[in-house]
Peer 1: 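Quick one: the structure is below, questions incoming.
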Amino acid sequence: VQGEAFFCDYVQHIFLTNPVFGATAQQREMLWDEGGLQIHTTLDPRTQAAAQKAASANVYATDRAADAITLVQPGTGKIMGMAQSRPYGPGDHQTELNYNVDRLMGGGNGFQTGSTFKPVTAAAALQAGIKMTQSYPAPYQDDDPARRTCDGSVLPEVSGDENDSPSLVGPFTMAEA
């Protein structure tokens, strides 16, 4: 299946970091390298092909920007597809950095979800009783407050964090956003 290398890389990282496959990193590495394993994954070839087609349809390997798509089956957490606009590899316009995962799994520092998360945020707001007419300020530039991550580390405040475009300023209602 085209583009599956990032998923395979993810599976390898899971295997090599999970003590169920050996008490030490060296034991896990040896088991991985010696072979003889049958590894059954959740990757669905049709879903993977669709994800790869979507990932490379409008963002090209030669573009400065890149995109990544992970398709997770609701209710199960099974990863059905994992794709990126740049092919896997060490060559020009390729990468071995998996944009779908964090640094511990061979990826980077992650990316903001941006506007793609608006429907999820809107659904949560509606469930909480917030009206679609509620208005929110949306300046071009604002200070992003310090936050604590799930593991307790602190992300520092970012002064002067900028929105995507100086012309996209609010206030906006939820419906307008």
Peer 1: So, taking the atom named CD in Q38 and the one named NE2 in H40, what distance separates them when rounded to the nearest 0.5 Å?
Peer 2: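 Rounded to the nearest 0.5 Å, the CD-NE2 separation comes to 4.5 Å.
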Peer 1: Any chance you could measure D9, atom CG, to Y88, atom OH, to the nearest 0.5 Å?
Peer 2: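 Atom-to-atom, D9:CG and Y88:OH are 4.0 Å apart.
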Peer 1: At their closest point, which heavy atom of G81 faces which heavy atom of L43, and how far apart are they?
Peer 2: CA-CD1, 3.9 Å
Peer 1: Do any side-chain atoms of residues 50-60 form donor-acceptor pairs under 3.5 angstrom with protein atoms, and if so which ones, sequence neighbours left out?
Peer 2:
unit_1: Q52; atom_1: NE2; unit_2: Q84; atom_2: O; d: 2.9
unit_1: S56; atom_1: OG; unit_2: Q52; atom_2: O; d: 2.8
unit_1: Y60; atom_1: OH; unit_2: A57; atom_2: O; d: 3.4

Peer 1: Return the set of residues passing side-chain hydrogen bond (donor to acceptor under 3.5 Å, both in side chains) with Q141 (not counting sequence neighbours), or none when no residue passes.
Peer 2: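 Q141: side-chain hydrogen bond (donor to acceptor under 3.5 Å, both in side chains) contacts with E162.
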Peer 1: May I have all residue pairs that pass side chain to side chain donor-acceptor pair (under 3.5 Å) and include part of residues 69-78, sequence neighbours excluded?
Peer 2: T70-N100, Q73-T76
Peer 1: Under 3.5 Å, side chain of Q134 to main-chain N/O of I130, donor-acceptor pair present?
Peer 2: no
Peer 1: How is the hydrophobic cluster of V120 composed, in terms of its other members, when Ile, Leu, Val, Met, Phe, Trp and Tyr link through side-chain heavy atoms under 4.5 Å apart, directly or indirectly?
Peer 2: F117
Peer 1: T149: what forms a side-chain hydrogen bond (donor to acceptor under 3.5 Å, both in side chains) with it, not counting sequence neighbours?
Peer 2: D151, S153
Peer 1: So, taking the atom named CD in Q12 and the one named CD1 in I39, what distance separates them when rounded to the nearest 0.5 Å?
Peer 2: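 Q12 CD to I39 CD1: 9.0 Å, rounded to 0.5 Å.
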Peer 1: In chain order, what residues pass the side-chain hydrogen bond (donor to acceptor under 3.5 Å, both in side chains) check against S135, with sequence neighbours excluded?
Peer 2: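 S135 satisfies side-chain hydrogen bond (donor to acceptor under 3.5 Å, both in side chains) with no other residue.
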Peer 1: In the hydrophobic cluster built from side-chain contacts under 4.5 Å, what are the other members alongside I69?
Peer 2: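 L71, all in the cluster of I69.
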Peer 1: Which atom names give the shortest non-hydrogen contact between P87 and F6, and what distance separates them?
Peer 2: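 Between these two residues, the closest heavy atoms are C-CZ, 3.9 Å.
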Peer 1: Using the test side-chain contact (heavy atoms from CB on, under 4.5 Å), find all partners of L126 that sit at least two apart in sequence or belong to another chain.
Peer 2: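 Only M132, M174 meet the side-chain contact (heavy atoms from CB on, under 4.5 Å) criterion with L126.
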Peer 1: Could you work out, with side-chain hydrogen bond (donor to acceptor under 3.5 Å, both in side chains) as the rule, every residue matching T47, not counting sequence neighbours?
Peer 2: D44
Peer 1: Can a donor-acceptor pair be found, under 3.5 Å and without considering hydrogens, that links the side chain of Q127 to the backbone of A124?
Peer 2: no
Peer 1: Is the backbone N or O of D161 less than 3.5 Å from a side-chain atom of D144, with the two atoms forming a donor-acceptor pair by type?
Peer 2: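 No, D144 side chain to D161 backbone: no donor-acceptor pair under 3.5 Å.
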Peer 1: Starting from L104, can I reach W32 by hopping between I/L/V/M/F/W/Y residues whose side chains sit under 4.5 Å apart?
Peer 2: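 Looking at the clustering, L104 is in a separate group from W32.
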Peer 1: Are any side-chain N or O atoms of R148 and backbone N or O atoms of G152, one a donor and one an acceptor, separated by less than 3.5 Å?
Peer 2: yes
Peer 1: At their closest point, which heavy atom of E157 faces which heavy atom of S159, and how far apart are they?
Peer 2: OE2-OG, 3.4 Å
Peer 1: For residues 133-162, which residue pairs pass the ring-ring contact (aromatic ring centres under 6.0 Å, His included) check, not counting sequence neighbours?
Peer 2: none
Peer 1: Sequence neighbours left out, what passes side-chain contact (heavy atoms from CB on, under 4.5 Å) with N18? Give chain and number order.
Peer 2: V20, F21
Peer 1: Taking only residues two or more places apart in sequence or in another chain, which ones pass side-chain contact (heavy atoms from CB on, under 4.5 Å) with V101?
Peer 2: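 side-chain contact (heavy atoms from CB on, under 4.5 Å) list for V101, sorted by chain: Y10, M82, N98, M105.
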Peer 1: Just checking Q2: does its CD atom have more than 12 heavy atoms from other residues, nucleotides or ligands closer to it than 6.0 angstrom?
Peer 2: no
Peer 1: If you group Ile, Leu, Val, Met, Phe, Trp and Tyr by side-chain heavy-atom gaps below 4.5 Å, do L31 and V11 land in one group?
Peer 2: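 Cluster IDs for L31 and V11 match.
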Peer 1: Are L16 and I14 linked, directly or through intermediate hydrophobic residues, by side-chain heavy-atom contacts shorter than 4.5 Å (ILVMFWY only)?
Peer 2: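 Per the 4.5 Å side-chain linkage, I14 and L16 are co-clustered.
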Peer 1: Once you round to the nearest 0.5 Å, how far does OG1 of T62 lie from NE2 of H93?
Peer 2: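 Between T62 OG1 and H93 NE2, I get 6.0 Å after rounding to 0.5 Å.
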